[in-house]
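Written below as structure tokens is the structure these notes are about.
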Amino acid sequence: MYIWFHKLGSAPTFYKWSGLWLPWLGAICFILFAAGLYSGLVYAPADYQQGDSFRIIYMHVPAAWMSMFVYVVMAVSGAIGIIWHVKLAQIAMISSAPIGFSFTVLALVTGSIWGRPMWGTWWEWGDARLMSEALLLFLYIGVIGLSIAIEDKRKAAQAVAILSLVGLINIPIIHYSVVWLNTLHQGPTVSKFDTPSIDMRMFMPLLIMALAFKLFYVVVLLLRTRNELLWRERRSQWVKNIIQGTSND
Amino acid sequence: MTEFLRFLEMGGYAGYVWSAYGISAVVLIITLLLPLLENKYIRKRIDRMLEEEQD
């Protein structure tokens with residue numbers, strides 16, 4: 001088990017395996033997006049209160065979930081990276097930040113567009129959910145900025161890991177902000193599985209889109225990690241083989 | 001045809017729904033394209049580096 005883990009963690013093996021997996025993951029991701037978009041925009045019935053505007057949920061909620069999920073992955077791999085000096089975990093942490101940033105931007109922008117017809121405002125400064133999600137955006141910007149600003153890769157990984165671990169406290173705040181503080185943002189509709197407050201025909205597209213977003217993260221994370229590995233190990237023989245075409249990975 | 005137009009209207013919320021989906025598509029495509037372009041750039045740089053070493 002340990003040997004297997006170690007082997008997968010070695011750069012050339014990881015590069016080779018991820019290269020084999022990527023086309024399949026990309027294809028499945030594409031199919032999920034197509035299915036999710038069709039079922040979300042066409043198959044799901046209009047909401048009895050919100051009409052067709054509720055369809056923004058299929059972009060907004062998966063993006064918001066992923067903005068938090070990616071942050072947790074980033075902080076945890078950062079911790080693994082600095083405690084056990086796992087280089088691949090450090091790279092996964094740095095590579096996650098721009099993807100999480102994109103998801104956070106999406107959650108905020110689609111939420112704003114949805115808020116306009118439903119709440120009558122694009123943005124509400126007093127809303128806890130909105131403010132904690134905006135703080136998440138700045139945490140991502142801070143992480144990306146730090147990783148670019150610090151030249152030494154090892155020191156950068158340490159600084160970024162500490163920042164993301166400190167920022168981790170924001171995640172439960174985002175999650176519970178609609179429960180603890182009764183402000184503008186609506187409460188959870190999906191996590192109450194015992195008494196579902198959502199129609200199955202509306203819920204299935206959401207589930208498919210959530211899977212599509214998760215797979216999208218995996219695909220982009222692998223692409224970014226592979227780039228980082230190539231560059232960091234540019235002096236080694238395996239990279240040389242790939243670049244000069246003597247290896248067909 | 002009228003059915004398709006009705007679909008595009010989104011029950012009067014066309015502007016909101018389609019702009020949300022449009023912006024999402026653009027952001028996701030950029031997120032995917034950036035590492036793909038970066039890969040080409042990195043390969044070119046390493047290739048040049050290896051050529052210089054041989055000289």
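Note: hydrogens, waters and symmetry copies are ignored here, and every other heavy atom, side chains too, is used.
- Here Lys44(B) contributes atom NZ and Ile243(A) contributes atom CD1; the two are 12.0 Å apart, rounded to the nearest 0.5 Å.
- Within the 4.5 Å cutoff, no side-chain heavy atoms of Val17(B) are placed close to those of Ile113(A).
- No more than 12 heavy atoms of other residues, nucleotides or ligands sit less than 6.0 Å from atom CE of Met204(A).
- In this structure, the portions of Ile23(B) lying under 4.5 Å from any heavy atom of chain A include both its backbone and its side chain.
- Distance check, rounded to the nearest 0.5 Å: CZ of Arg232(A) to CD1 of Ile42(B) gives 11.0 Å.
- In this structure, Thr31(B) and Phe216(A) have side chains that are in contact, with non-hydrogen atoms separated by less than 4.5 Å.
- Heavy atoms of Phe101(A) lying under 4.5 Å from chain B are absent altogether.
- In this structure, chain A has heavy atoms under 4.5 Å from both the backbone and the side chain of Leu28(B).
- Neither the backbone nor the side chain of Phe54(A) comes within contact range of chain B; no heavy atom of the residue lies under 4.5 Å from a heavy atom of that chain.
- The 12-atom threshold is not exceeded at CH2 of Trp21(A), counting heavy atoms of other residues, nucleotides or ligands nearer than 6.0 Å.
- Counting non-hydrogen atoms of other residues, nucleotides and ligands closer than 6.0 Å to OH of Tyr38(A) gives a total of 12 or fewer.
- For the atom pair Arg43(B) CZ and Gln244(A) CD, the distance stands at 12.0 Å (nearest 0.5 Å).
- Atom CZ in Phe213(A) sits 6.0 Å away from atom OG in Ser24(B) (nearest 0.5 Å).
- Glu151(A) CD: 12 or fewer foreign heavy atoms inside a 6.0 Å radius.
- Note: Ile46(B) CD1 to Ile242(A) CD1 = 9.0 Å, rounded to the nearest 0.5 Å.
- With chain B as partner, the option from Leu37(A), Leu223(A), Leu106(A) having the largest number of non-hydrogen pairs under 4.5 angstrom is Leu106(A).
- Both the backbone and the side chain of Tyr16(B) come within less than 4.5 Å of a heavy atom of chain A.
- Annotation: side chain of Ile56(A) is not in contact with side chain of Tyr13(B) (no heavy-atom distance under 4.5 Å).
- Looking at Glu38(B) and Arg226(A), no side-chain N of the basic residue comes within less than 4.0 Å of a carboxylate O on the acidic one, giving no salt bridge.
- Residues Tyr21(B) and Thr110(A) form no side-chain contact, since every pair of their non-hydrogen atoms from C-beta on lies 4.5 Å or further apart.
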Kindly indicate, with the supporting measurements, whether the criterion side chain to side chain contact (heavy atoms under 4.5 Å, CB included) is fulfilled by Arg234(A) and Arg45(B). CA-CA 10 Å; Arg234(A) 58 189 179 279; Arg45(B) 268 185 76 173; over 6 Å; no
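- Asn227(A) places a side-chain N or O within 3.5 Å of a backbone atom of Pro35(B) that can act as its donor or acceptor partner.
- Between Leu41(A) and Phe7(B), the closest heavy-atom pair is O-CE1, 3.3 Å.
- Interface remark: of the candidates Leu50(B), Leu36(B), Ile30(B), Leu50(B) forms the most heavy-atom pairs closer than 4.5 Å to chain A.
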Can you check side chain to side chain contact (heavy atoms under 4.5 Å, CB included) on Arg224(A) and Leu34(B), steps first, answer last? CA-CA 9 Å; Arg224(A) 285 192 168 272; Leu34(B) 276 179; 4.0 Å; yes
